[in-house]
Amino acid sequence: MSDEYPRKVAQLVAAELLKAKGFEGVQLSSLQVLEDILLRYLKELGRKAHKNAEIARRTACNPADVMLALSSQGVSIEKLESYCRRAPD
């Protein structure tokens, strides 16, 4: 599978997050660093969620596995829900 599509999506997500935080521009090299961080974070989150499913003797992750993975990475589910409600469309 090509690595290009996920990288472009991560780059767009990073750019949109910066825009939402008030940035008017960003250097390409900085955007690529943020893209890389986002992809690494999501891969690690996926690994942890998959491991949670395996521990429960399942072959596929469910939302509880993802929530547990997020919690293990220090993400407050309540704060994440609040952020998602406030996020612009």
Checklist entry - Does the pair L80 and C84 meet the rule for a side chain to side chain contact (heavy atoms under 4.5 Å, CB included), with working shown? => result CA-CA 6 Å; L80 180 60; C84 289; 4.2 Å; yes
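- The environment of CZ in R58 is crowded: more than 12 heavy-atom neighbours from other residues, nucleotides or ligands sit within 6.0 Å.
- Taken to the nearest 0.5 Å, the CG atom of D3 stands 11.5 Å off from the NZ atom of K8.
- The shortest non-hydrogen separation linking L38 to A10 is CD2-O, 3.8 Å.
- Contact check for Q11 versus L28: side-chain heavy atoms found under the 4.5 Å cut-off.
- At least one side-chain heavy atom of S71 sits less than 4.5 Å from a side-chain heavy atom of I77.
- In this structure, L17 is not a member of the same hydrophobic cluster as V33, with clusters built from ILVMFWY side-chain heavy atoms closer than 4.5 Å.
- Residues N52 and A69 approach most closely at ND2-N, 3.6 Å, considering heavy atoms.
- Annotation: side chain of E4 is not in contact with side chain of R7 (no heavy-atom distance under 4.5 Å).
- By the criterion of side-chain heavy atoms lying less than 4.5 angstrom apart, applied directly or through intervening Ile, Leu, Val, Met, Phe, Trp or Tyr residues, M67 is grouped together with L45 in one hydrophobic cluster.
- Transitive grouping of hydrophobic side chains (ILVMFWY, heavy atoms separated by less than 4.5 Å) brings V26 and F23 into a common cluster.
- Classification of R47 and E44 as a salt-bridged pair holds, one side-chain N sitting under 4.0 Å from a carboxylate O.
- When side chains are defined from C-beta on, L39 counts as touching E35, because their heavy atoms get closer than 4.5 Å.
- Side-chain contact between L18 and L34: present, with at least one pair of heavy atoms (C-beta onward) separated by less than 4.5 Å.
- Nearest heavy-atom pair across K48 and S72 is CD-OG, 3.4 Å.
- Of all heavy-atom pairs spanning A64 and N62, the tightest one is N-OD1, 3.0 Å.
- Summarising the geometry of A53 relative to D65, their closest heavy-atom pair is CB-OD2, 3.5 Å, with the distance given to 0.1 Å.
- In this structure, Y41 is a member of the same hydrophobic cluster as V66, with clusters built from ILVMFWY side-chain heavy atoms closer than 4.5 Å.
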